[in-house]
Enquirer: 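Let me begin by handing over the structure; questions about it come next.
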Amino acid sequence: MTTFDGAALRRAFAHVPSGVVAICADTGSERIGMAASTFVPVSLDPPLVAFCVQNSSATWPKLAARPRLGISVLNSDGAARGLAAKDGDRFAGVDTETRDGGALFVAGCSVQMNVSIEQQVPAGDHAIVVLRVHELLCDDTGTEPIVFHRSAFRRLVAS
């Protein structure tokens with residue numbers, strides 16, 4: 001093993017495929033959202049999920065202030081690219097649905113979770129955000145999710 005720098009670590013992390021979710025809220029006057037490729041299930045009892053967010057995110061503090069957030073497992077690289085953008089209308093061309101407490105969902109996703117923040121844990125240049133699931137929609141007949149692998153959005157193909 002050799003020593004490594006941030007660029008080498010980023011390349012190594014890119015080899016690990018991960019699901020892509022939208023984390024969104026509706027304030028009543030604006031839609032706020034971001035994409036994350038660090039989403040993981042955490043616990044069945046209580047129902048918890050988590051994702052990681054950069055400490056430098058300008059979007060996360062706005063989302064963190066909301067009582068409820070919507071998690072949508074994305075099946076479109078267009079929605080993922082828009083929500084990952086640094087500026088502009090992140091929701092251009094993306095149909096959304098708002099539910100209780102301002103949880104905002106990307107329409108047509110096969111998994112949607114209405115969540116609230118349970119805990120935030122500092123972790124280097126990121127925070128690990130643990131979310132409690134209050135409501136769940138899981139459509140097993142829905143479209144397949146996309147994954148993020150080697151810095152690109154990809155579709156799963158059954159072998």
Side-chain angles (χ1 to χ4, degrees), residues 4 6-26 30-44 47-60 62-64 66 68-99 102-117 123-159:
F4 57 89
L9 191 55
R10 182 181 295 271
R11 280 192 314 278
F13 286 172
H15 284 265
V16 180
S18 57
V20 184
V21 299
I23 303 159
C24 305
D26 186 338
E30 82 174 312
R31 296 181 295 176
I32 307 165
M34 61 190 288
S37 60
T38 55
F39 178 81
V40 293
V42 174
S43 170
L44 294 175
L48 301 173
V49 296
F51 76 101
C52 298
V53 62
Q54 288 181 334
N55 294 335
S56 62
S57 171
T59 304
W60 176 242
K62 295 176 190 175
L63 287 168
R66 307 306 308 161
R68 291 291 178 96
L69 302 172
I71 303 288
S72 303
V73 176
L74 295 177
N75 55 24
S76 161
D77 61 346
R81 288 180 201 290
L83 288 164
K86 295 290 183 199
D87 49 22
D89 180 2
R90 292 182 175 180
F91 292 94
V94 176
D95 291 331
T96 60
E97 306 165 2
T98 302
R99 295 211 197 96
L104 182 70
F105 301 92
V106 174
C109 293
S110 59
V111 177
Q112 299 174 341
M113 299 176 194
N114 187 326
V115 302
S116 63
I117 298 170
D125 60 0
H126 281 65
I128 301 167
V129 181
V130 179
L131 305 162
R132 181 177 290 263
V133 179
H134 298 283
E135 295 177 304
L136 171 69
L137 171 101
C138 184
D139 178 4
D140 290 332
T141 62
T143 59
E144 293 296 321
I146 58 171
V147 296
F148 192 67
H149 180 245
R150 292 194 173 177
S151 302
F153 297 110
R154 303 176 190 276
R155 295 217 171 267
L156 295 174
V157 178
S159 59

Enquirer: Output all residues satisfying ring pair (Phe, Tyr, Trp, His ring centres under 6.0 Å) with Phe91, sequence neighbours left out; order by chain, then residue number.
Expert: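 With neighbours one apart ignored, the set is empty.
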Enquirer: Would you say CZ of Arg10 has more than 12 non-hydrogen atoms from neighbouring residues, nucleotides or ligands within 6.0 angstrom?
Expert: no
Enquirer: Should the ring pair His15 and His149 be called parallel, tilted or perpendicular, given that the plane angle runs from 0 to 90° and is split at 30 and 60?
Expert: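 The rings of His15 and His149 stand perpendicular, inter-plane angle above 60°.
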Enquirer: Taking the side chain from Arg155 and the backbone from Asn75, do they hold a donor-acceptor pair closer than 3.5 Å?
Expert: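 Such a contact is found between Arg155 side chain and Asn75 backbone.
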Enquirer: Can you name the residues that form a side chain to side chain donor-acceptor pair (under 3.5 Å) with Ser76, not counting sequence neighbours?
Expert: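 Ser76: no side chain to side chain donor-acceptor pair (under 3.5 Å) contacts found.
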Enquirer: Side-chain contact, heavy-atom cut-off 4.5 Å: Phe51 with Leu131?
Expert: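 Result yes, sub-4.5 Å side-chain heavy-atom pair found.
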Enquirer: Only one of Asn114, Leu137, Thr98 forms a side-chain contact (heavy atoms from CB on, under 4.5 Å) with Phe105, so which one is it?
Expert: Asn114
Enquirer: Locate the shortest heavy-atom distance separating Arg90 from Gly33; write the atom from each residue and the value.
Expert: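 In terms of heavy atoms, the two residues are closest at NH1-O, 2.7 Å.
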Enquirer: Please give me the minimum heavy-atom distance between Asn55 and Ala127, naming the atom from each residue.
Expert: OD1-N, 3.5 Å
Enquirer: Determine the sole option in Leu63, Val21, Leu83 for which the side-chain contact (heavy atoms from CB on, under 4.5 Å) test with Met34 is passed.
Expert: Leu63
Enquirer: Are more than 12 heavy atoms from other residues, nucleotides or ligands located less than 6.0 Å from atom CG of Leu44?
Expert: no
Enquirer: Looking at every heavy atom in both Val49 and Pro41, which two are closest together, and how far apart are they?
Expert: CG1-CA, 4.3 Å
Enquirer: Over all heavy atoms of both residues, which pair between Val147 and Val20 is shortest? Give the atoms and the distance, please.
Expert: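 Nearest pair, atom of Val147 first, then Val20: C-CG2, 4.1 Å.
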Enquirer: Between Arg68 and Ala103, is there a donor-acceptor pair closer than 3.5 Å when you use the side chain of the first and the backbone of the second?
Expert: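 No, Arg68 side chain to Ala103 backbone: no donor-acceptor pair under 3.5 Å.
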Enquirer: Going through the checks in order, is the side-chain contact (heavy atoms from CB on, under 4.5 Å) test met by Val129 and Trp60?
Expert: CA-CA 10 Å; Val129 181; Trp60 176 242; 3.7 Å; yes
